[in-house]
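What follows is a set of notes on a single structure, which appears directly below.
A quick note: this is a predicted structure, and the numbers were derived from the prediction, not measured.
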There are 2 protein chains.
Amino acid sequence: MGRSAESFRPPTRLQILSELRKGTRCVTDMEEILPVTQVNISQHLTVLRNAKLVDFAQDGALRCYYLCRPKLVDGILDPLAADFPVIRKTKEQIDREKERAKRKPVASRG
Amino acid sequence: MGRSAESFRPPTRLQILSELRKGTRCVTDMEEILPVTQVNISQHLTVLRNAKLVDFAQDGALRCYYLCRPKLVDGILDPLAADFPVIRKTKEQIDREKERAKRKPVASRG
DNA sequence: ATAGAATATTAGAATGTTCTTATATCATGT
DNA sequence: ACATGATATAAGAACATTCTAATATTCTAT
């Protein structure tokens, strides 16, 4: 409801995936980066592990997590950031507008 | 629980913001792109409007939504997609590892 | 005035995420 | 064996998101 623009934050699970795209990370690494607790991070990692999106290599007491299906994660994250600052209308959008104009041919529409 | 990797989907609200980064979109445009109903899209747009992240220009019966704080949205979305395929350890990560090594100077750690 | 297209509102259920607290496991150094 | 650091599990509350169904509003053309 009264959520302000500044408080918008990407969901933790996506942030974790994003972090792991940059390289192997242990839980402590992520604790220092994400604004959530160790417990919450572990919970998400468990979910991601069950989904076979991540796995870890144990290094002493550390668990170094990594993406085990990076291409799949690309498919999830890349579309979110694809920026097309120049093209303001896509081909598809123009086609849809043509469709609409065809169904009802109006004059005043730039 | 048994969520599979393929079923991972970016949250609708972020997808909407992402769509709007590409240009002005009306609700019907987004309906054809996102796997959710018109109602759900309208609901999210209301939230985003209240948060002053988006606004619309009315064009006949269409409401053409656009980002009214694109820089802010960049700040939300860009970090998710920042990909560093080469650098596997960031400076910060190396620093943290040094810190740990200082606190307990161990031999077997490559 | 009426119809149809586009969009919005409302309300409730279902589901998902986050937070909190407490406790447990495992590895390492002493 | 014990302490400590790193991580995990469990369980419940709080909150957010999604879905569904029904209904309402606005605009445009007839």
Closer than 4.0 angstrom, basic N to acidic O: yes or no for B:Asp55 and B:Arg63?
no
Pairing of A:Asp78 and A:Arg21 as salt bridge, 4.0 angstrom limit
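Salt bridge: yes.
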Between the first and last five pairs of the helix from C:dA1-D:dT30 to C:dT30-D:dA1, the angle of the axes, rounded to 10 degrees
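Taking the rotation axis at each end, their angle is 20°.
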Provide the closest heavy-atom pair for B:Tyr66 versus B:Ala57 in the form atom of the first, atom of the second, distance.
CE2-N, 3.8 Å
Which residue pairs pass the ring-ring contact (aromatic ring centres under 6.0 Å, His included) test when at least one of the two sits in residues 15-42 of chain B, sequence neighbours left out?
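Qualifying pairs, neighbours excluded: none.
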What pairs meet the ring-ring contact (aromatic ring centres under 6.0 Å, His included) rule with one or both residues in residues 20-57 of chain A, with sequence neighbours excluded?
A:Phe56-A:Tyr65
Can you tell me the distance, in whole Å, between the [atom1] atom of [X] and the [atom2] atom of [N]?
| X | N | atom1 | atom2 | answer |
| --- | --- | --- | --- | --- |
| A:Glu32 | D:dG5 | CD | C1' | 13 Å |
| A:Leu45 | D:dA8 | CG | C1' | 10 Å |
| A:Phe56 | C:dT25 | CZ | C1' | 12 Å |
| A:Leu34 | C:dC19 | CG | P | 11 Å |
| B:Arg63 | C:dA5 | CZ | P | 19 Å |
| B:Met30 | C:dT7 | CE | C1' | 11 Å |
| B:Glu31 | C:dT7 | CD | P | 8 Å |
| B:Ile16 | C:dA8 | CD1 | C1' | 14 Å |

Base, sugar-phosphate, or nothing: which does B:Tyr65 touch, judged by heavy atoms less than 4.0 Å apart?
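Sugar-phosphate contact only - B:Tyr65 comes under 4.0 Å of backbone atoms but never of a base.
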For nucleotides 9-14 of chain D, list the nitrogen or oxygen atoms of the protein found under 3.5 Å from its nitrogen or oxygen atoms, one pair per line.
| unit_1 | atom_1 | unit_2 | atom_2 | d |
| --- | --- | --- | --- | --- |
| D:dT9 | OP2 | A:Thr46 | OG1 | 3.2 |
| D:dA11 | N6 | A:Gln43 | NE2 | 3.3 |

Looking only at the side chain of A:Thr37 (C-beta and beyond, no hydrogens), which of the listed nucleotides D:dT17, C:dA27, C:dT20 gets closest?
C:dT20
Counting N and O atoms only, with roles assigned by atom type, does the side chain of B:Asn50 sit under 3.5 Å from a partner on the main chain of B:Val47, one being a donor and the other an acceptor?
no
Just to verify, what does B:Thr12 make a side-chain hydrogen bond (donor to acceptor under 3.5 Å, both in side chains) with, not counting sequence neighbours?
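side-chain hydrogen bond (donor to acceptor under 3.5 Å, both in side chains) check on B:Thr12 returns nothing, list empty.
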Sequence neighbours left out, what passes side-chain hydrogen bond (donor to acceptor under 3.5 Å, both in side chains) with A:Gln43? Give chain and number order.
A:Asn40
Give a yes/no answer on whether the side chain of B:Thr12 brings an N or O atom under 4.0 Å of OP1 or OP2 in D:dT17.
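Negative; the distance criterion is not met.
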Does a side-chain N or O of B:His44 approach OP1 or OP2 of D:dA16 to a distance below 4.0 Å, or not?
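B:His44 to D:dA16 OP1/OP2: no side-chain N or O under 4.0 Å.
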Contacts of A:Val36 and A:Gln58 projected onto DNA chain C by closest heavy atom; the upstream (5') one is A:Val36
Under 3.5 Å, is there a donor-acceptor pair linking the side chains of A:Gln38 and A:Ser42?
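A donor-acceptor contact under 3.5 Å links the two side chains.
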